[in-house]
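No hydrogens, no waters, no symmetry mates; every other heavy atom, side chains included, goes into these values. The chains referred to below are lettered A, B, ... by the order of the sequence lines, with proteins before strands, and numbering in each begins at 1.
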Protein chains: 2
Amino acid sequence: MAWDTAKTRQLLLDAAVGEFAEHGPQGARVDRVAAKAGVNKERIYQYFGGKQQLFGAVLTQELEKLAAAVPLDAGLAADPGEYAGRVFDYHSAHPHFVRLLHWEGLQAGDDQVAAEAQRAVHYADKVAALTAAQHAGTLGDEIPPAELLYAVIALAGWWFSTPQLARMIMAGAADDSPRTRREALVRLVRKLTA
Amino acid sequence: MAWDTAKTRQLLLDAAVGEFAEHGPQGARVDRVAAKAGVNKERIYQYFGGKQQLFGAVLTQELEKLAAAVPLDAGLAADPGEYAGRVFDYHSAHPHFVRLLHWEGLQAGDDQVAAEAQRAVHYADKVAALTAAQHAGTLGDEIPPAELLYAVIALAGWWFSTPQLARMIMAGAADDSPRTRREALVRLVRKLTA
DNA sequence: CCAAATTCCAACTCGCTGGTTGGAGTTTGG
DNA sequence: CCAAACTCCAACCAGCGAGTTGGAATTTGG
């Protein structure tokens with residue numbers, strides 16, 4: 001039987017996504033990741049170097065997935081409201097993503113994070129697209145593009161990053177469901193770009 | 001010399017704020033809290049019951065501080081933009097608050113959190129104030145009040161909850177400082193309530 | 001076909017950390 | 001004034017968990 005090291009690696013990575021999203025870099029247990037992957041934990045040290053590097057690898061992978069799933073210009077420039085809605089949909093389907101992002105933020109503070117340079121380019125591209133749309137006149141230009149991007153990301157993500165707050169704020173609302181939350185988000189962003 | 005148990009308690013609580021904000025409930029070290037407070041760690045177990053309960057006590061205390069520092073109607077209803085600015089200022093001066101909030105959110109998930117009922121009332125009051133201002137016509141009424149409150153909180157807090165993202169998004173900006181970030185925030189909220 | 005290199009695993013180490021304990025000092029109530 | 005109750009502390013402990021190791025199985029390259 002041939003070795004399939006790529007598969008073993010991927011098995012670990014996929015198991016680690018859930019573990020890290022749920023418990024964070026501190027709370028995650030190396031043994032649990034290995035068990036869930038059905039692999040010996042020593043593999044983690046051979047392939048990734050350690051728990052922290054595995055966390056970095058997980059983050060990089062998930063970042064790429066998001067970038068692929070909600071592409072740069074899928075209506076972004078033309079209609080940021082709908083783009084925000086798509087980001088919301090992605091978060092709904094993959095709730096671990098925002099969690100990973102926040103674990104990273106809480107842990108790293110002002111330190112550089114994994115793949116920071118590449119990720120910065122990614123955002124710069126989006127800002128450029130928004131700038132172009134403003135010049136073309138398909139988008140209101142009252143809000144500077146970087147700030148607009150910031151707003152979209154923050155508004156789409158906050159529901160998931162502090163669910164307890166979202167719950168309390170919406171406690172009085174007539175009905176509070178993912179659907180109405182998405183509508184609220186789109187409404188907010190549309191208003192910003194009116 | 002008389003015992004001053006209240007002071008000892010407070011010493012621990014204050015030391016714990018920093019420790020929990022920086023490292024989270026998992027990463028926080030009981031010994032470090034005790035050392036910083038200049039108190040024996042056994043006191044934590046007598047006064048609070050354990051690490052987790054201490055975390056709850058810290059959260060409750062800081063929540064009250066924020067509520068006191070950025071009062072309900074200090075210009076909120078009349079000018080949500082400026083209110084958002086004040087929240088931003090508070091976060092700048094007390095960066096541990098947002099961090100605590102997010103650690104709570106990441107840990108609790110969909111479970112009830114400490115003092116949830118009281119906190120919900122707190123937000124309901126704010127929503128009511130916004131509703132009144134909309135009825136009075138001092139505030140645009142395109143955005144439902146709860147959603148507006150959500151937006152203010154999310155936009156003011158995101159800078160601090162994922163500093164790595166904020167850094168990357170703003171990487172291309174002419175200058176990126178607390179001052180310009182605050183201005184961006186106010187601009188965004190003003191646009192929402194125009 | 002054999003030897004070097006690589007993958008895999010069970011078992012181990014060992015420092016760390018939350019929590020405990022026993023007792024000494026201090027206050028309080030009667 | 002004395003005994004019960006409470007505050008405080010140094011030392012202790014048990015188990016958990018990241019990382020290691022030694023060697024067996026498997027592959028590869030010559």
Looking at the side chain of B/Glu42, which of D/dC9, C/dT7, D/dG17 is the nearest nucleotide? D/dC9
Is there a path of hydrophobic side-chain contacts, each under 4.5 Å between heavy atoms, that joins A/Val17 and A/Val113? no
To the nearest 0.5 Å, atom CZ of B/Phe20 lies from atom CZ of B/Arg99 at 13.5 Å
Specify the separation, in whole Å, of atom CG of A/Asn40 and atom C1' of D/dG23. 13 Å
State yes or no: are the ring centers of B/Tyr150 and A/Trp159 separated by less than 6.0 Å? yes
Spacing between A/Gln26 atom CD and C/dG18 atom C1', to the nearest angstrom: 15 Å
Need one value for A/Ala28: base, sugar-phosphate or nothing, where a base atom within 4.0 Å counts as base even if backbone is also close, heavy atoms only. sugar-phosphate
Rounded off to whole Å, could you give me the NE2-to-C1' distance for the B/His23 and C/dT17 pair? 14 Å
Atom NZ of B/Lys51 and atom P of C/dC16: how far apart are they, to the nearest Å? 16 Å
Side chain of B/Tyr47 - closest among C/dT17, D/dT7, C/dC8: D/dT7
Mind calculating the distance between CG (A/Asp31) and P (C/dA11) to the nearest angstrom? 14 Å
Lys/Arg cation over aromatic A/Tyr83: A/Arg86, 6.0 Å, 45° cone: no
Assign each of A/Gln46 and A/Val30 to its nearest nucleotide of DNA chain D by heavy atoms, then name whichever residue's nucleotide is nearer the 5' end. A/Val30
Measure from CZ on B/Arg29 to C1' on C/dC16 and round the result to the nearest Å. 8 Å
Tell me which nucleotide among D/dT20, C/dC8, D/dT7 gets nearest to the side chain of A/Tyr45. D/dT20
Do B/Lys41 side-chain and C/dG19 base share a donor-acceptor contact under 3.5 Å? yes
A/Arg32 CZ to D/dG19 C1': how many Å, rounded? 17 Å
Does A/Thr5 place a side-chain N or O at less than 4.0 Å from the phosphate oxygens OP1/OP2 of C/dT6? no
Would you call B/Arg167 and A/Glu116 a salt bridge, using N to O less than 4.0 angstrom? yes
Could you state the atom-to-atom distance from CD of A/Gln53 to C1' of D/dA18 in whole Å? 12 Å
